[in-house]
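Input: a single structure, listed below in structure tokens.
In what follows, chains are A, B, ... by sequence order, proteins preceding strands, each numbered from 1.
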2 protein chains.
Amino acid sequence: MPKPSIIEDNLSSQDCADCPIRHRAVCARCESEEMALLEEVKYYRTFQAGQTVIWSGDRMDFVGSVVTGIASLTQTMEDGRRQMVGLLLPSDFIGRPGRQTAAYDVTAISDVVMCCFRRKPFEEMMVRTPRIAQRLLEMTLDELDAAREWMLLLGRKTAREKIASLIAIIGRRDAELKLRSAGNDLTFDLPLTREAMADYLGLTLETVSRQISALKRDGVILLEGKRHVTVPDFDRLLEEAGDDTDGGLLV
Amino acid sequence: MPKPSIIEDNLSSQDCADCPIRHRAVCARCESEEMALLEEVKYYRTFQAGQTVIWSGDRMDFVGSVVTGIASLTQTMEDGRRQMVGLLLPSDFIGRPGRQTAAYDVTAISDVVMCCFRRKPFEEMMVRTPRIAQRLLEMTLDELDAAREWMLLLGRKTAREKIASLIAIIGRRDAELKLRSAGNDLTFDLPLTREAMADYLGLTLETVSRQISALKRDGVILLEGKRHVTVPDFDRLLEEAGDDTDGGLLV
DNA sequence: CGGACCGTTGAATGGTTTCAAAGGTCGTGG
DNA sequence: CCACGACCTTTGAAACCATTCAACGGTCCG
């Protein structure tokens with residue numbers, strides 16, 4: 001029997017005010033009265049690493065946000081080829097208002113806690129409280145931008161560039177969370193298996209493994225174990241990713 | 001000197017009630033008073049095939065919709081590799097409220113007529129009239145779905161499947177516009193050059209050419225000239241595209 | 001006629017995949 | 001405690017698909 005986490009213990013009593021994604025999720029713009037309404041209808045669900053949150057085509061009666069952990073959106077072809085089409089991080093939204101069935105497979109990559117709302121009440125709230133709809137629009141536009149950057153990666157980058165890009169993306173996000181010091185090197189864990197990275201990048205897991213080894217051999221990254229990465233020179237990594245070095249400023 | 005089109009002649013007098021995209025564009029949900037407000041601040045712009053609408057990074061003081069014609073959103077890497085990240089058809093929206101600079105190159109593929117709004121007034125209207133924001137959210141969610149299907153194509157499909165998919169997409173859209181008869185074959189023009197298709201599909205133009213020839217040789221499509229396509233058996237085409245044959249029903 | 005585009009086709013190259021084998025870690029059960 | 005299987009990862013060799021480089025045909029237009 002797995003030991004219950006702090007959050008699992010407090011599933012029903014979790015207070016929105018203490019929520020780690022309070023200022024980034026779909027509720028970010030809501031004010032106290034609106035929060036109270038949401039708080040009444042919300043509920044938490046947890047998923048273990050590897051567990052399926054929902055299958056593509058299944059009926060979906062809820063929408064929600066990732067509170068902690070990481071999940072993936074994937075599409076699968078009949079013959080089994082798979083492509084990840086979304087990487088869901090804390091505060092990211094799952095589900096589409098107005099849609100009854102899931103369009104993608106959603107899988108918990110790490111242990112995941114979700115904050116859910118039943119779909120119908122949520123849709124009704126969206127009509128009445130424009131702040132939710134505004135925030136959802138903003139988040140959807142951000143996701144669309146991310147998807148488009150991803151399309152460039154999938155369509156035009158080499159395997160080496162794809163790996164470098166992925167490490168840069170994860171590293172950058174991690175740095176944001178940690179409010180890192182001025183130091184130029186960056187240390188973090190890759191939350192994905194080689195196979196999940198392959199699904200993300202449109203590669204095979206063997207190619208992923210080979211290219212990670214190559215980047216390590218060339219000193220672009222340092223590895224401790226399989227998952228723990230140090231980036232000694234982030235600009236070098238961005239060069240390897242084929243990204244405009246100054247791209248980060250505009251985004 | 002190019003002969004002015006009917007629409008160019010009527011740029012200033014175009015009436016929203018007669019607009020071909022009235023019921024699909026960002027204004028689709030607006031009612032008469034809101035339409036009147038929009039009608040006051042709108043203006044038309046035309047672009048010739050091949051002309052650039054805006055360059056990535058340029059200041060963008062307007063947003064708008066494609067009224068007629070086709071445009072592309074592309075990203076370019078420093079060394080010149082290009083990837084199309086959006087194909088803009090009539091009623092599709094260009095620009096992001098709240099963003100001052102263009103994130104992508106926008107290019108007219110055919111001659112294009114756009115219905116534009118200055119960004120600031122449009123943003124203010126969006127706050128006041130939720131119907132515009134609602135419709136924009138819906139359109140953005142649709143685009144996100146399209147982008148994700150595209151990601152599967154870019155990451156996992158073979159060159160042959162990519163070409164078949166593109167032809168299926170264009171054919172299906174064309175069929176919708178034409179309200180086609182019950183007949184099973186489908187005839188239409190490819191609005192893209194081989195190079196534009198390559199940018200769309202993450203291929204080289206030579207590979208595009210070869211795979212189109214192969215599909216023709218195998219009887220999946222018939223070609224008259226370079227651009228005019230007939231699909232004798234749409235299900236066969238979908239098979240070649242690697243799509244779930246019944247996928248269309250759920251989408 | 002010459003040049004600019006667009007498109008097709010051939011041959012060689014090469015990057016990624018495929019197939020195969022093996023090492024490492026972890027948890028479970030004998 | 002160790003053996004075992006499940007899972008994740010690495011690495012090698014061969015095969016293959018798409019790219020690259022190159023040449024050429026067709027059309028349009030100045």
Point to revise | Note: Arg82(B)-Asp105(B) ion pair, threshold 4.0 Å (strictly below) | key: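 No.
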Check your understanding: Can Arg236(B) and Glu240(B) be counted as an ion pair, charged N to O under 4.0 angstrom?
Key ->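 Looking at Arg236(B) and Glu240(B), the cut-off is met.
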Point to revise | Closest heavy-atom pair and its distance - Gln83(A), Asp199(A) | key: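 Looking at all heavy atoms of both residues, the closest pair is NE2-O, 2.9 Å.
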Contact class for [X] vs. all strands (heavy atom < 4.0 Å): base, sugar-phosphate, or nothing?
X: Ser209(A); result: base
X: Thr207(A); result: base
X: Arg160(B); result: nothing
X: Gly202(B); result: sugar-phosphate

Review point. Considering heavy-atom distances to DNA chain C, does Arg156(B) or Arg227(B) have its closest nucleotide positioned more toward the 5' end?
Key: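 The residue closer to the strand's 5' end, by nearest nucleotide, is Arg227(B).
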To the nearest angstrom, how far is [X] atom [atom1] from [N] atom [atom2]?
X: Ile212(A); N: dC8(D); atom1: CD1; atom2: P; answer: 15 Å
X: Leu203(A); N: dT10(D); atom1: CG; atom2: P; answer: 14 Å
X: Glu195(A); N: dT17(C); atom1: CD; atom2: C1'; answer: 15 Å
X: Leu205(B); N: dC21(D); atom1: CG; atom2: P; answer: 13 Å
X: Lys226(A); N: dT25(C); atom1: NZ; atom2: P; answer: 7 Å
X: Arg210(B); N: dA11(C); atom1: CZ; atom2: C1'; answer: 9 Å
X: Leu215(B); N: dT8(C); atom1: CG; atom2: P; answer: 12 Å
X: Leu154(A); N: dT16(C); atom1: CG; atom2: C1'; answer: 15 Å

Check your understanding: Name the one of Thr107(B), Ile109(B), Leu88(B), Ile170(B) that satisfies side chain to side chain contact (heavy atoms under 4.5 Å, CB included) with Ile70(B)?
Key ->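 Of the listed residues Thr107(B), Ile109(B), Leu88(B), Ile170(B), the side chain to side chain contact (heavy atoms under 4.5 Å, CB included) partner of Ile70(B) is Ile109(B).
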**Study point:** Any donor-acceptor N/O pair under 3.5 Å between dC19(C) base and Glu206(A) side chain
**Key:**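 Check passes, donor-acceptor contact within cut-off.
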Exercise for review: Would you give the length of the straight line joining atom CD1 of Ile221(B) to atom CG of Leu186(B), rounded to the nearest 0.5 angstrom?
Suggested key: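 If I round to the nearest 0.5 Å, the distance is 12.0 Å.
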Review point. Choosing from dT18(C), dT20(D), dC8(D), which nucleotide comes nearest the side chain of Thr193(A)?
Key: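 Of all the options, the side chain of Thr193(A) is nearest to dC8(D).
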Check your understanding: Ser213(A) side chain: which of dT17(C), dT9(D), dT11(D) is closest?
Key ->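 Comparing dT17(C), dT9(D), dT11(D) against the side chain of Ser213(A), the answer is dT11(D).
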